[in-house]
Amino acid sequence: MNKIDKTDTLTKILSHRRFTVDVFQREYRWGRKQIEQMISDFQDTFEEFYDPNEHDSPLDVMNYGYYYMGCIICTGGSPNKIIDGQQRLTSLTLLLIYLNNLQKEQAAQGYHIVQFDDMIYDDHFGTKSFNIDVDDRKSCLYALIDNNVTYQPDNESAQNMMDRYKDITELFPDELKGEALEYFIYWLKEKVLLLEIDTPSEDEAHTIFLTMNDRGLSLNSAEMMKAYIMQQIVEMDRYAVNHRWQDNINRIKSASSYDTSGVVNTQDVEFISTWLRANYADSLREGKRGASDEDFELLGEKFHTWVRSNAKVKMGLNKSADYKALVMTEMSRVTDLYLRLKEYSATFTTGYEEVFYNANRDLNYQTMLIISAVRSDDSDEDVKRKIQMVSKFVDIFASIRIFNFKKVNWNTNKYLLFRVMKDIRNQDCKTVGMVLVRALRRMDVSVDAITRFGLNQFSGRYMLHLLARFTSYVNVKMGNPSQFDIYVDRERKGNTFDIEHILPDDYSSYQDEFADADDFQTSRQMIGNLIILTRDKNRSYQAMHYQEKVGKYVGDNILAQALNTVAYQNNPKFLPLAQQYGFAPIPKFTKESIAARAQIYLQMAVDIWDPDSIKEIAGGWEEETEKEFFKSEKAREFTVEYYERSWPDALKYGFLSSNIGGTGKFLRNVQDGDIVYCHIAGAGFVGIGECTAAAVPMKQFTVTVDGAEMPITDVPWLEPSLKAKLDADKEIFIRVEWKSYVQEQVDGYWEKGMISVPMVAYQLTDQSTHKKVREHFGYKN
């Protein structure tokens, strides 16, 4: 857009200015939703003009378009009292602090730093005077600027500012980092506009504020869409349709008592936008310069315009009866589903646990995906199955990405998630399940990354959730209540739960186990050194040595108890799980103990976040159907662990196999056209091949011998003793065309620094291992 008259840039609004907020004004209340929308709007507008392949210098930003953020009302003079607009100015200040910290991090990589400290504070002889000058927020702002992770907020606004800063850290897109960051900062400073209305006194300021907000309040998109629909309906039906519309909207608003916009309850707008996007959006704006908004963007808060333009062609609304059905049938059905999901999101409900898990991590796009999957003729059982499948998909997708330190918000993953949404729209249960499992199997990261997962700035907001998941999983497997909702409830009265470091922060007492102090501190943050405890115990145990507090863990949750020998005595419900996952008492906790506990978490994670659980809910499907549906669009690279099986026969007959128990099920992720790197523990990499047929049960796998096709179970093996060890009911085989290999596994290739993981089939994010293997074998793909 062009510059609006009388507006000013953020630089002019904030630089060397001082704003105060009267004590009678409400606290800073913006939520994650508003932060996400602000960042998304900024990114979309900036990317309309920024092309990473076509720019010479920041001077190019002078020709970029503007973004108008609304108006603020202040009293004149200095300092200015903000009468309206403190929510936006505070949020912008948080973003500016984040950008300043981010570019300082990037400076180590040679990126240029843009100076804009004066938009955040003025420096008076070493003392910072913040532009948003509110006494009870100063300590919070200092902590954010200094990256002080130990700071504890002592008031509502400071706590919310800290929470929103964490949201910014998580939600800020990777596409705007690196080289793009400098350009984005200049654009934000000089191209984001605000209209500042200054008045001589507070009385005049309040008069303008009340006039703008209380008189002549404009209709929102929901009300304008309703007006349009009513115009299309014959008069005799208007009363009933209007009554149903209003009843639906009232139910939506009643279920959301909190203020979501900073001004009024806008749940009706959010609901209708979610509904229409789920059922009608067929296109998404491309992330490149000059791209225009498509269905998904146009069905945001101004969806009424899209509906007017697309009612006939994309919504199939041609006559009065169609518009009537839209409200009486479709809108009412979606309202019921939307409210049902809100209930499951707020209350831990048996059978719908994943809905609660996702809501706990603010993965609210699950609602849109579920609405898309549910169709008008679904039975109650089908609706239940679709809710379960889609919520499980979101949970698995997000958890695996988190283990790999990757963002899980919509904007980062919108191209994949939007494609999934379109592919499951109005489909039957089986097709929905196949689409979801296929998307999970095509992920470029895997659950094995949990062994390298630890507590840091990114993972901090997720770690309590994940540790609670493991704890509640074992609780349920033992026949006990989950207690997940109790573990993660930080607002409940009484003793809340915290993250407990098993090894205390006492390097001197444990230095013999670690290379140096940095190695000790890094290891302490790894997931294998973490459990959850009630806050009082967490604080009282902090200074204790492991040998002292391990005895006290006996009275805590099962993952804490499992460190002590007492957990393995007269505990028949736990012992089978201990054997299954490798739990064992640890009298002395070392660096190796941390790695061992991480392996236990990995084995549990494989079962907790298992894509085949979606297949089971869907009712299953035939192997041939899966083979065709799951065929890879692009070849991927997998390491396949092939342990205690016959390598000579794998070469002779062209296969790799695994038992479907444990991580063996992941061999099903390897599809026709994927490249496999075969690794044998103790020997190294022994071959590279191309998968030519996805996994099938052993009894269905055939090979050609002397021109005749025969089952692998019936042909003679070079190592019959290893064949005899295989369980034909549980072994699965993939067909492999070997490209480069060694005949004897003792000649396998391995060198220091390469990576292998205790899983059967996995993709590596670090490509150096596969590169070394290709070079060693002289293989070019």
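All values reported here derive from a predicted model rather than from experimental measurement. Any value given below was found using the heavy atoms of this structure, including those in side chains, with hydrogens, waters and symmetry copies removed.
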* Just one of Thr90, Ile73, Leu89, Thr75 clears the side-chain contact (heavy atoms from CB on, under 4.5 Å) bar with Ile82, so which one? ->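 Per the side-chain contact (heavy atoms from CB on, under 4.5 Å) rule, the option paired with Ile82 is Leu89, out of Thr90, Ile73, Leu89, Thr75.
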* Would you mind telling me which of Glu182, Glu179, Gln103 makes a side-chain contact (heavy atoms from CB on, under 4.5 Å) with Tyr111? => Glu179
Hey, does the side chain of [X] reach the backbone of [Y] with a donor-acceptor pair shorter than 3.5 angstrom?
X: Gln366; Y: Val390; answer: no
X: Asn100; Y: Leu96; answer: no
X: Arg277; Y: Phe296; answer: yes
X: Asn131; Y: Asp118; answer: yes
X: Asp122; Y: Ser129; answer: no
X: Ser345; Y: Ala359; answer: no
X: Ser221; Y: His304; answer: no
X: Arg425; Y: Ala281; answer: yes
X: Asn426; Y: Ala373; answer: no
X: Arg88; Y: Met69; answer: yes

Distance check, rounded to the nearest 0.5 Å: [X] atom [atom1] versus [Y] atom [atom2]?
X: Ser157; Y: Met162; atom1: OG; atom2: CE; result: 13.5 Å
X: Thr274; Y: Leu276; atom1: OG1; atom2: CG; result: 9.0 Å
X: Arg29; Y: Gln86; atom1: CZ; atom2: CD; result: 9.5 Å

Judged by modelled atom types alone, do [X] and [Y] share a side-chain donor-acceptor pair under 3.5 Å?
X: Trp30; Y: Asn160; value: no
X: Tyr228; Y: Tyr323; value: yes
X: Ser399; Y: Arg361; value: yes
X: Thr412; Y: Arg401; value: no
X: Ser459; Y: Asn456; value: yes
X: Asn80; Y: Arg17; value: yes
X: Trp275; Y: Glu330; value: yes
X: Asp41; Y: Gln37; value: yes
X: Gln427; Y: Asp423; value: no
X: Asp444; Y: Gln763; value: no
X: Thr7; Y: Tyr66; value: no
X: Glu270; Y: Gln267; value: yes

Please report the closest heavy-atom contact between [X] and [Y], naming both atoms and the distance.
X: Ser292; Y: Arg285; result: O-CG, 3.3 Å
X: Pro173; Y: Ile39; result: CD-CG2, 3.7 Å
X: Ile113; Y: Ala107; result: CD1-CB, 3.8 Å
X: Met119; Y: Ser15; result: CG-OG, 3.4 Å
X: Ser139; Y: Tyr151; result: OG-OH, 3.1 Å
X: Leu466; Y: Phe403; result: CD1-CE2, 3.7 Å

* Asked: Would the Phe46 and Phe42 ring centres measure less than 6.0 Å apart?
  -> no
* Sub-6.0 Å ring centroid separation between Phe405 and Phe453 -> yes
* **Quiz item: cation-pi between Lys314 and Tyr280, 6.0 Å / 45°** => no
* Start with the C-alpha distance between Tyr28 and Gln159, add both sets of side-chain angles, then the distance that settles side-chain hydrogen bond (donor to acceptor under 3.5 Å, both in side chains), and finish with yes or no. => CA-CA 9 Å; Tyr28 173 63; Gln159 180 63 63; over 6 Å; no
* Evaluate the criterion side-chain contact (heavy atoms from CB on, under 4.5 Å) for residue pair Val61 and Phe184; output intermediate values, then yes/no. => CA-CA 9 Å; Val61 180; Phe184 177 74; over 6 Å; no
More than 12 heavy atoms of other residues, nucleotides or ligands under 6.0 Å from [atom1] of [X]: is that the case?
X: Lys104; atom1: NZ; result: yes
X: Lys414; atom1: NZ; result: yes
X: Glu294; atom1: CD; result: yes

Should [X] and [Y] count as an ion pair when the cut-off is N to O under 4.0 Å?
X: Arg461; Y: Asp362; result: yes
X: Asp133; Y: Lys138; result: yes
X: Glu637; Y: Lys771; result: no
X: Lys12; Y: Glu196; result: no

* To do: List the steps, then state whether ring pair (Phe, Tyr, Trp, His ring centres under 6.0 Å) holds for Tyr183 with Tyr64.
  => CA-CA 10 Å; Tyr183 290 77; Tyr64 287 12; 7.4 Å; no
